Protein chains: 2
Amino acid sequence: MPECLALPASKRAALIDSSRLMQIAAGAPLPDGVDVACLLSGRLAVLKPMPDGRGHIVGLPGAGAVLGWTAGAGNGAATNGYDITALEPCELALLDRGLFCDLLQTLPDLEQRLIAQVLDEAEAARDWLRLLAQPKVTDRLAGFLMMLGRELMPGDGVLHIPFRRADLASYLGTRKETLSRAFHQLEAEGAIRILDPAAVQILQPALLEDMAGLDAEDPPAPI
Amino acid sequence: MPECLALPASKRAALIDSSRLMQIAAGAPLPDGVDVACLLSGRLAVLKPMPDGRGHIVGLPGAGAVLGWTAGAGNGAATNGYDITALEPCELALLDRGLFCDLLQTLPDLEQRLIAQVLDEAEAARDWLRLLAQPKVTDRLAGFLMMLGRELMPGDGVLHIPFRRADLASYLGTRKETLSRAFHQLEAEGAIRILDPAAVQILQPALLEDMAGLDAEDPPAPI
DNA sequence: CGCGTATTTGAATGAAATCAAAGGAAGTGG
DNA sequence: CCACTTCCTTTGATTTCATTCAAATACGCG
C-alpha cells in the first residue's frame with residue numbers, strides 16, 4: 001500500500017470506502033473524468049502535448065503517486081493538461097476530492113508528503129534535462145535506459161521498453177533511424193543485448209552510467 | 001512587493017521585522033548559510049551540480065520566488081543541493097525559518113501559493129525538456145532565447161545573455177564553437193542581431209518560435 | 001604594452017539527419 | 001495455411017550538421 005495512504009485508521013477507512021478501483025491496461029490512456037487518484041501499482045508516463053500532436057515525455061510516476069490533487073476542483077482533473085498513459089497494467093484508486101481535501105486540511109503530515117512528491121517530480125524532470133544535454137545520441141540512450149531501469153527492472157536485467165522507436169526518438173531528440181543505430185551500437189559495445197525491439201537486457205550498467213553522465217567537457221583549468 | 005508576501009498586516013510586520021535585506025551582485029553566487037529567503041527583485045539561475053564540476057541550468061526563478069522553505073531546517077539551506085547564482089543584481093529578504101513555518105501553519109493560503117510556485121518550476125523544467133529535445137543546435141538556441149526573453153526582456157527587444165558561451169553550450173547540449181556558429185546563423189537568417197557576445201536584439205520572435213518548437217516529425221498519417 | 005581569458009573562424013574528421021528501400025512481425029481475408 | 005496488407009524496425013547511401021583540433025581575433029587588466 002503506497003505510503004501516501006498511510007493514514008490514521010479511521011480516516012483511511014472513510015477514504016477507502018469512498019474510492020473506486022480502476023484498472024488500466026498497458027498502453028491505454030488515463031480515461032477522462034478522473035479527478036483525484038492514487039496509483040497503487042504499475043507505472044504511468046506523463047507526456048506533455050506538443051503542437052505536432054505527439055507528446056513529450058516529462059515523467060514516469062510509479063506506485064504511490066497521487067494525481068490531480070493540485071488542480072482546481074473539477075476543471076483540470078488528474079491529467080491537468082498532460083497526456084497520461086499506462087506503461088504497464090496499472091491499478092488506480094479513484095478518490096473523492098472533498099474527502100481528500102478534508103484530509104489535507106487535518107493532516108499536515110500528508111500534505112508534507114505530497115509536497116515532497118512534487119519536489120521529487122521536479123527533481124526527476126531535472127534529471128531528464130541532464131540526460132538530454134548529452135551531445136551524443138548513444139549517451140542519451142544510455143541515460144534513458146538507466147532512468148527507465150532504475151525503478152522498472154526485474155532482477156534478471158531484462159528491461160521492457162514501453163515506447164515505439166519513433167516516439168522514443170522524439171523524446172531523446174533524435175530520429176528513429178539514428179536511435180536504431182544507437183541501440184545496436186550499445187549492443188556492439190557489450191553494454192546491452194537486444195532481445196526484441198521492445199526489450200533489452202542490461203549487461204553492463206556501469207558502462208551505461210559512464211556514458212550517461214560524466215563526460216568532462218573542456219576539462220582544462222590546468223593551473 | 002512579491003505576491004508571496006501579501007500577508008495580513010500584523011503577520012507581515014512581524015516577518016519583515018525579523019528579515020534582513022541582502023544584495024547580490026550580478027554573477028555572484030548565493031552565499032552559504034542562507035536559510036529561507038524571498039527574492040524581491042532580479043533573477044537567479046538554479047544550476048544542478050554535475051560530476052564534471054560544472055552545473056546544468058534547471059531553472060530561472062524571478063521576483064517572488066521563495067527559497068529554502070521545503071528543505072529541512074538547517075541542513076539543506078536555501079540552495080538545497082543546487083548552485084544558485086544571480087543573473088542580475090538581486091535583492092533578497094532573508095527570513096526567519098521559525099516565523100515562516102509558523103505562518104505556513106496558520107495561513108493555508110500562503111502554502112497554496114508556494115505549492116503553486118513549485119508546480120510552476122516543475123512546469124518550467126518540462127519546457128526546458130521540450131527545448132532540449134530539438135535535434136538541431138540552432139533550434140535549441142532559438143528556444144532558449146525565447147525562454148530567456150519571456151520574462152527577462154526590456155521593451156526594446158535587447159536581451160542580455162547572462163552566461164558565457166562555454167556554459168551556455170553545456171546547457172544546450174553542444175560545444176562553444178557550434179554555439180557561436182548557431183548565434184551567427186540566427187543573425188544571418190535575420191532572427192536576431194548580435195550586439196556583443198552577451199547581448200542580442202530579438203528581431204523576429206515569431207521566427208524563433210517556429211524553430212523552437214513546432215517541427216512536425218514524421219507527419220504522414222495521410223489516408 | 002604584454003598577458004590571460006573569451007569568442008570567433010577555419011579546416012578536417014566524425015556523427016547525425018535525410019532519403020530510399022529492404023526485412024519482419026501481426027492481422028485480415030481468402 | 002497461405003498470400004497480402006500494414007505497421008514498425010532495420011540497413012544502406014548520401015548529404016547535412018556537429019565536433020574536434022588549431023589558430024586568429026577581440027577584450028579587459030596590471
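All values derive from a computational prediction rather than experimental measurement. The chains referred to below are lettered A, B, ... by the order of the sequence lines, with proteins before strands, and numbering in each begins at 1.
- Contact of the B/Leu40 side chain with the B/Leu92 side chain is not registered, since no non-hydrogen atoms from C-beta on lie closer than 4.5 Å.
- The minimum heavy-atom distance between A/Leu207 and A/Glu189, with the atom names listed, is CD2-O, 3.8 Å.
- Residue A/Lys136 places none of its side-chain N or O atoms closer than 4.0 Å to OP1 or OP2 of D/dC17.
- The CD-C1' distance, from A/Glu177 to C/dC19, rounds to 9 Å in whole Å.
- The distance from atom CZ of B/Phe163 to atom C1' of C/dA6 is 17 Å, rounded to the nearest whole Å.
- When the P atom of D/dA18 is taken as reference, atom CZ of A/Arg175 falls 12 Å away, rounded to whole Å.
- Regarding contacts with the backbone of D/dT9, every side-chain N or O of A/His184 stays at 4.0 angstrom or more from both OP1 and OP2.
- Here the nucleotide nearest the side chain of A/Pro197, chosen from D/dT10, C/dA16, C/dT8, is D/dT10.
- The base of D/dT10 lies outside donor-acceptor range of the side chain of A/Arg164, with no N or O pair under 3.5 Å.
- For A/Asp167 and D/dC8, the CG to C1' distance is 11 Å, given to the nearest whole Å.
- Side-chain N/O atoms of B/Arg181 and base N/O atoms of D/dT16 include no donor-acceptor pair closer than 3.5 Å.
- As a whole-Å value, the separation of A/Glu187 CD from D/dT9 P is 16 Å.
- Side chain of A/Glu88 to backbone of A/Arg43: a donor-acceptor contact under 3.5 angstrom is found.
- As a whole-Å value, the separation of A/Leu141 CG from C/dA15 P is 16 Å.
- With hydrogens and angles disregarded, a donor-acceptor distance shorter than 3.5 Å links the side chain of A/Arg165 to the backbone of A/Pro197.
- Under 4.0 angstrom from either OP1 or OP2 of D/dT10 there lies at least one side-chain N or O belonging to A/Ser180.
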